[in-house]
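Heavy atoms only: backbone and side chains are in, while hydrogens, waters and symmetry mates are out.
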Amino acid sequence: MRIVTLTEETKTDVLEKLLQRSPDHYGEYEAVVSEILENVKKDRDQAVFAYTKKFDKFDLNADNIKVTREEIQEAYQKLDAGLVEVIRKSAENIRSYHTKQLRTSWFEPKADGSILGMKFTPISRAGVYVPGGKAAYPSSVLMNVIPAKVAGVERIVMTTPCNREGKINPGTLAAADIAGVDEIYRIGGAQAIAALAFGTESVPKVDKITGPGNIFVALAKKAVYGHVSIDSIAGPSEILVLADETADPRYVAADLLSQAEHDELASAILITTSARLAEDVSKQAEMFIRKLPRAGIIETSLENYGYILVAENMESAIEAANEIASEHLEILTENPFDIMTKIKNAGAIFLGEYSSEPLGDYFAGPNHILPTNGTAKFFSPLNVDDFIKRTSIISYSRQALEKVHKDIELFAESEGLFAHANSVRVRFEE
């Protein structure tokens with residue numbers, strides 16, 4: 001891995017390089033995605049069937065688009081029983097963590113007869129997109145579906161691409177069943193997002209779409225936002241490790257590579273105050289790469305978006321970490337909890353040498369669907385609130401309104417909205 005001294009110039013260079021991975025920089029695909037969306041909106045099922053034949057080489061129709069209960073049972077039979085048990089344990093951890101996020105409606109009555117409050121209501125239908133291309137991720141199924149179930153969403157619809165025989169990854173099907181998906185459709189790509197956003201004869205329209213996907217899926221989600229809600233436009237995976245001289249270079253290298261193996265656009269960055277650690281981590285990374293199956297992907301990722309930044313002190317290291325605002329941030333320092341209090345921007349923070357990033361990906365319970373490409377500065381992990389609507393409640397008695405009606409009238413008239421003022425004034429006319 002390249003070792004660079006951390007300065008304002010190098011920090012700016014790194015940030016600019018990382019931002020090039022954003023879906024906002026793939027405008028050349030927008031026309032293709034726009035055409036797919038319009039065709040599905042217009043021709044509905046027939047367009048979905050045609051695109052599935054074109055891209056996935058499977059003859060989809062109204063009779064086979066929906067995954068059957070028999071197929072789900074067959075998926076269980078294909079999986080190792082130990083893996084199924086691990087998926088169940090992971091699901092329980094995720095469910096337990098997200099249940100703590102639930103909020104109840106509240107109302108505050110006052111002596112003058114006014115009542116203010118907030119009513120929380122789950123959305124009716126959620127759509128979950130699950131990739132099925134280079135790799136299948138049953139863990140992402142759990143992370144998308146369980147918060148929606150905890151929130152109380154009535155109907156959860158999942159779409160995922162099939163192979164040319166119409167088959168879907170058995171791990172994906174088992175995870176969907178364990179998480180509580182109501183129905184599954186074997187469609188992928190931008191056409192699946194269009195089907196969920198607009199509805200077809202076979203696929204119901206949903207209120208919100210969540211889940212990762214390739215650039216076509218990301219651009220499709222971006223384009224349908226407004227017709228439905230979405231979670232975010234996810235960029236490539238990324239990890240930042242913040243370490244001092246006490247960190248184990250072997251652990252650091254292993255953790256950096258855990259994200260670099262996702263794809264060629266993934267980012268892995270170490271910021272450290274120790275030049276010795278920087279050298280040792282680089283050597284350990286080279287040793288690991290020689291043994292790992294996805295070495296080609298890792299090498300390309302590190303060549304393009306991998307950095308070891310050597311900082312003069314921990315203050316400048318923390319400042320750089322906050323500027324990068326990484327999806328995953330590991331803190332491997334002598335006092336990680338102390339450093340954590342100074343971190344403002346990160347999707348998820350992992351503290352100490354036994355809290356490696358895959359713990360969050362698979363098992364601990366917090367959601368692994370996280371803000372990327374610096375959006376941790378203003379976005380949060382997927383959570384129960386993403387599937388809940390908030391409705392304001394206002395109730396005033398005559399006594400309560402009488403005390404403030406002239407204030408409201410004055411405010412409305414100052415904005416030139418005289419009908420607004422009149423709406424209050426008529427209640428107090430002689």
Side-chain angles (χ1 to χ4, degrees), residues 1-3 14 18 21 83 86-87 90 93-94 131 133-143 171 175 212 234-243 247-272 277-278 280-309 321 324-333 336 340 343 346-373 376 381-382:
M1 294 182 67
R2 81 193 86 181
I3 300 174
V14 170
L18 294 179
R21 306 172 309 140
L83 175 59
V86 169
I87 293 174
S90 176
N93 290 343
I94 297 165
K134 289 184 178 180
Y137 299 109
S139 58
S140 286
V141 177
L142 303 180
M143 296 291 181
S237 189
E238 54 199 32
I239 184 171
L240 190 153
V241 178
L242 193 58
D248 186 316
R250 189 169 174 80
Y251 295 171
V252 174
D255 294 352
L256 290 170
L257 302 190
S258 74
Q259 294 307 292
E261 78 167 343
H262 265 292
D263 62 55
E264 293 84 351
L265 293 174
S267 166
I269 298 173
L270 165 63
I271 304 179
T272 180
L277 181 73
D280 290 346
V281 168
S282 182
K283 292 174 185 175
Q284 289 290 336
E286 291 176 10
M287 292 171 59
F288 278 129
I289 290 171
R290 288 198 288 268
K291 302 175 184 177
L292 292 168
R294 294 167 70 88
I297 293 173
I298 293 172
E299 287 178 324
T300 302
S301 167
L302 295 181
E303 182 181 342
N304 292 327
Y305 305 106
Y307 296 90
I308 297 176
L309 302 174
I324 293 171
S326 185
E327 177 187 19
H328 307 100
L329 172 64
E330 287 190 7
I331 303 178
L332 302 179
T333 61
M340 179 269 291
I343 296 297
I349 301 175
F350 301 78
L351 301 171
E353 63 181 7
Y354 293 104
S355 304
S356 62
E357 189 278 336
L359 183 66
D361 272 353
Y362 295 108
F363 204 75
N367 212 289
H368 79 198
I369 298 170
L370 304 166
T372 57
N373 277 107
L382 190 72

Flag the pair [X] / [Y] as yes when at least one side-chain heavy-atom distance between them is below 4.5 Å, and no otherwise.
| X | Y | value |
| --- | --- | --- |
| S267 | P236 | no |
| D255 | E357 | no |
| I269 | L18 | yes |
| S139 | D361 | no |

Compare every heavy atom of [Y] with every heavy atom of [X], then report the nearest pair and how far apart it is.
| X | Y | answer |
| --- | --- | --- |
| T272 | A278 | CG2-CB, 4.2 Å |
| S301 | A260 | CB-O, 3.5 Å |
| S258 | H262 | O-CD2, 4.2 Å |
| A175 | P138 | CB-O, 3.6 Å |
| Y251 | E353 | CE1-OE1, 3.6 Å |
| P371 | P381 | CD-N, 4.0 Å |

Could you give the distance from [atom1] ([X]) to [atom2] ([Y]), rounded to the nearest 0.5 Å?
| X | Y | atom1 | atom2 | value |
| --- | --- | --- | --- | --- |
| S90 | M143 | OG | CE | 5.5 Å |
| M287 | L292 | CE | CG | 11.5 Å |
| L277 | L270 | CG | CG | 6.0 Å |
| I239 | E330 | CD1 | CD | 4.0 Å |
| Y307 | L302 | OH | CG | 11.0 Å |
| I331 | I271 | CD1 | CD1 | 11.0 Å |

Ignoring hydrogens and angles, tell me if any N or O in the side chain of [X] forms a donor-acceptor pair with the backbone of [Y] under 3.5 Å.
| X | Y | answer |
| --- | --- | --- |
| S282 | M1 | yes |
| R250 | Q284 | no |
| E238 | N373 | yes |

For V281 and V241, what are the C-alpha separation, side-chain angles and deciding distance, and is it a side chain to side chain contact (heavy atoms under 4.5 Å, CB included)? CA-CA 11 Å; V281 168; V241 178; over 6 Å; no
Should we say atom OH of Y362 is surrounded by more than 12 heavy atoms from elsewhere, each under 6.0 Å from it? no
